[in-house]
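In this text the structure is predicted, and so the values were computed from the model without any measurement. Proteins come first, then strands; the chains are lettered A, B, ... in the order of their sequence lines, and each starts at number 1. These values consider heavy atoms only, across backbone and side chains, with no hydrogens, waters or symmetry-generated copies.
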Amino acid sequence: MRWSKYFLYTLKETPKEAEIISHIYLIRAGFIRKLASGIYNYMPIFLRTLKKLEKIIREELDKKGAIELLMPVVLPAELWKESGRWYKYGKELWRIKDRKDAEFALGPTHEEIITHIVRTEVSSYRDLPLNLYQIQTKVRDEIRPRFGLMRAREFIMKDGYSFHSSWESLNETYNDMYEAYSNIFKRCGLYFKVVEADTGNIGGSDSHEFMVLADTGEDKIANCKSCDYAANVEKAYTKFNEVIVEDKKPLELIETPDKKSIDELEEFLNLPPEKFMKAFLVEDEEGILYMFLIRGDYEINEAKINNIIGKPWKMATFEALKEANIIEGYAGPIGANLDKVKIFVDYSVRTIVDGITGANKQNYHYKGFYWDRDLPENIEWVNIHVVKPADKCPICGGELEIIRGIEVGHIFKLGTKYSESMKAYYKDKDGKEKPFIMGCYGIGVTRVIQAAIEQNHDENGIIWTKELAPFLIDLILLDLKDEETRNFADNLYKELTDKGFEVIYDDRDARAGFKFKDADLIGFPIHIIIGKKNLKQGLIEIKNRQTQERVKVKVEDFWKALEDILQNIR
RNA sequence: CGGGGCGUAGCUCAGCUUGGCUAGAGCGCGUGCCUUGGGAGCACGAAGUCGCAGGUUCAAAUCCUGCCGCCCCGACCA
């Protein structure tokens, strides 16, 4: 491709819409242009990289026997009502109406559609397992689009779904996908980590996320410094060694006038937060009241609260608390009307001895709280804390650290959640109708591209790997008015292209520095520089963008030198 | 949706506090000269409903009201 005839415009200045480096470079290097909040034009050079990534994805999935298809973006509401997600998905589901006022959604994900397809086509266990996928534009009316392609309202996703007649079969495919995803991200030159994940509103049991490690990542990961354990903080928990003492002090009512928060109490009683048990009170849409108890120094993990309650909830109302005999600011399990509130206790509470908790009496707390003596009978132990740095790993007891990551892939074992709600059955060997056991697998395709930039760049621009680079080689012609030099470069361009190299030929009428800056900014892996001065001495210059090394080679040694560099770049 | 900020040429921004002259600069774009190995220089030129609507005023980019759009921080997710 001759640059002078191509559609590619770079920017010298940083556009103000961009904050993080990968977003800035995507815009400056001419890959994307914003059309509306979270909605982008993919420019020609972006499309090249996108197609390369899609090729990698297809190759790795095809190896595992997955089959590609393509579903619509405009989806009838009917199917979403069947699964119940029409009501549960919330405002992210972009709803539209047609001219007859019939309801549709723009597809944010396609569990319902694929389930519908498979239930109408497949009726025997003999056709299972099945692993179907598509690479397609997804639409989600995100609360807050952010960071360019990182969280866009329209983006490209690879979504795959598998159907099985047994959990063993699902596990096999799940592991296949785990492997395929690992291979894909490796080929993209990404440094990533696979972490245990919460399943969110997709639902299901097991789930892993593929996280590209980056400080600008939106996700927090609890990572064990000693073993392989790594989990999204939404899912992560730490292990507490329970403490039981024989010599217990009596439970004692103490006056704590106007001291409601843990901070105030800490100061007032001069005790560390670990001595307190705090209560978090919510009620669900049916008005059922829940009390969550946790040690004073821990935060409550709302994702886990969602999982426990399983339906929408809000902070408890004054009326509900009153009915359960709970006093706001002085709340605790002791003295509450246990018929009116469900109590869940975090394992961190098992470390509290001689602790402080609310007395359900205005201006009073209890002192001398011991979990094994003072908690009511019918409580449930749960992990609802947000892990902190230096907490213990639940597997090996080593130290946890909190790191940041960009979620580029997510795999789930769905089980029968969709097949049951949508009556998707097959006939098993025994002649009985059974719901399909399902898995689902996603890759944020456009997000992967930005994550690759976030992880591979320097102060001059992007550093692409061979596999994702929009062009492998930037052939830079200087002195284009010198006929001899220009002819040489023209011929070299033809030769390189004939040999199958992807080359952009910078034949623009611009100064050297200008072209070098563009080459670095866009980040083509190899720059071949043809200039009059060097050529007169029979020399060609080759620059490796990844190492920043430049070499001058004799014209006759050129192909060998190019080969060497190709061997040595990622 | 809550909190913070922004909206003036294709891009980055100044001007607004304290209303008043023909609305400016740099980059980019066009023409010419000059230059030619790290985003050169000079000259000339084109390019603006000052986000939109209303109001106050002799007079509004500037003050007031409403709306729209965009970015950042929180809850959702590939």
Using the [atom1] atom as the reference point in each nucleotide, state the distance between [N] and [M] in Å, no decimals.
N     : M     : atom1 : value
B/U56 : B/C72 : P     : 39 Å
B/G24 : B/G15 : C1'   : 8 Å
B/A25 : B/C71 : P     : 30 Å
B/U49 : B/C42 : P     : 29 Å
B/G48 : B/U22 : C1'   : 14 Å
B/G51 : B/C58 : P     : 25 Å

Nucleotide [N], atom [atom2] - distance to [atom1] of [X] in whole Å:
X      : N     : atom1 : atom2 : result
A/E299 : B/A75 : CD    : C1'   : 14 Å
A/K16  : B/U8  : NZ    : C1'   : 10 Å
A/D219 : B/A78 : CG    : C1'   : 10 Å
A/E13  : B/C13 : CD    : P     : 8 Å
A/L35  : B/G10 : CG    : P     : 16 Å
A/R447 : B/C76 : CZ    : C1'   : 11 Å
A/K34  : B/C72 : NZ    : P     : 9 Å
A/K235 : B/C77 : NZ    : P     : 14 Å

Can you figure out which of [options] approaches the side chain of [X] most closely?
X      : options             : value
A/N306 : B/A78, B/G39, B/C76 : B/C76
A/D518 : B/C72, B/G39, B/C76 : B/G39
A/P15  : B/U12, B/A78, B/G37 : B/U12
A/K12  : B/A78, B/G37, B/G39 : B/G39
A/R144 : B/C27, B/G39, B/A75 : B/A75
A/L478 : B/G37, B/C71, B/C73 : B/G37

Problem set entry | Residue whose nearest RNA chain B nucleotide is more 5′ - A/E19 or A/K517 |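 Looking at RNA chain B, the more 5' nearest nucleotide goes with A/K517.
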Exercise. With a centroid cutoff of 5.5 Å and a plane-angle limit of 30°, would you call A/F155 stacked on B/A78?
Worked result: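 Check passed, A/F155 stacks on base of B/A78.
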Exercise. Taking the six-membered ring for Trp, are the ring centroids of A/Y237 and A/H385 within less than 6.0 Å of each other?
Worked result: no
What does [X] touch in the nucleic acid at a heavy-atom separation under 4.0 angstrom: a base, only the sugar-phosphate, or nothing?
X      : result
A/F147 : sugar-phosphate
A/A36  : sugar-phosphate
A/L521 : base

Whether [X] contacts [N] is assessed here as follows: a side-chain N or O lying under 4.0 Å from the phosphate OP1 or OP2. Is that the case?
X      : N     : value
A/R28  : B/G39 : no
A/T446 : B/A78 : no
A/R146 : B/C73 : yes

Is [X] side chain donor-acceptor paired with the [N] base, going by distance under 3.5 Å alone?
X      : N     : value
A/E541 : B/G37 : yes
A/R511 : B/G41 : no
A/R151 : B/C77 : yes
A/D479 : B/G37 : no

Checking [X] side chain against [Y] main chain: does a donor-acceptor pair fall under 3.5 Å?
X      : Y      : result
A/E103 : A/K97  : no
A/Q546 : A/W464 : yes
A/R140 : A/P108 : yes

For this session: Could you tell me whether A/K52 and A/E467 make a salt bridge, using a distance below 4.0 angstrom between a side-chain N and a carboxylate O?
Result: no
For this session: Assess A/K413 against A/Y174: is NZ or CZ under 6.0 Å from the centre of the six-membered ring, and within 45 degrees of the ring's axis?
Result: yes
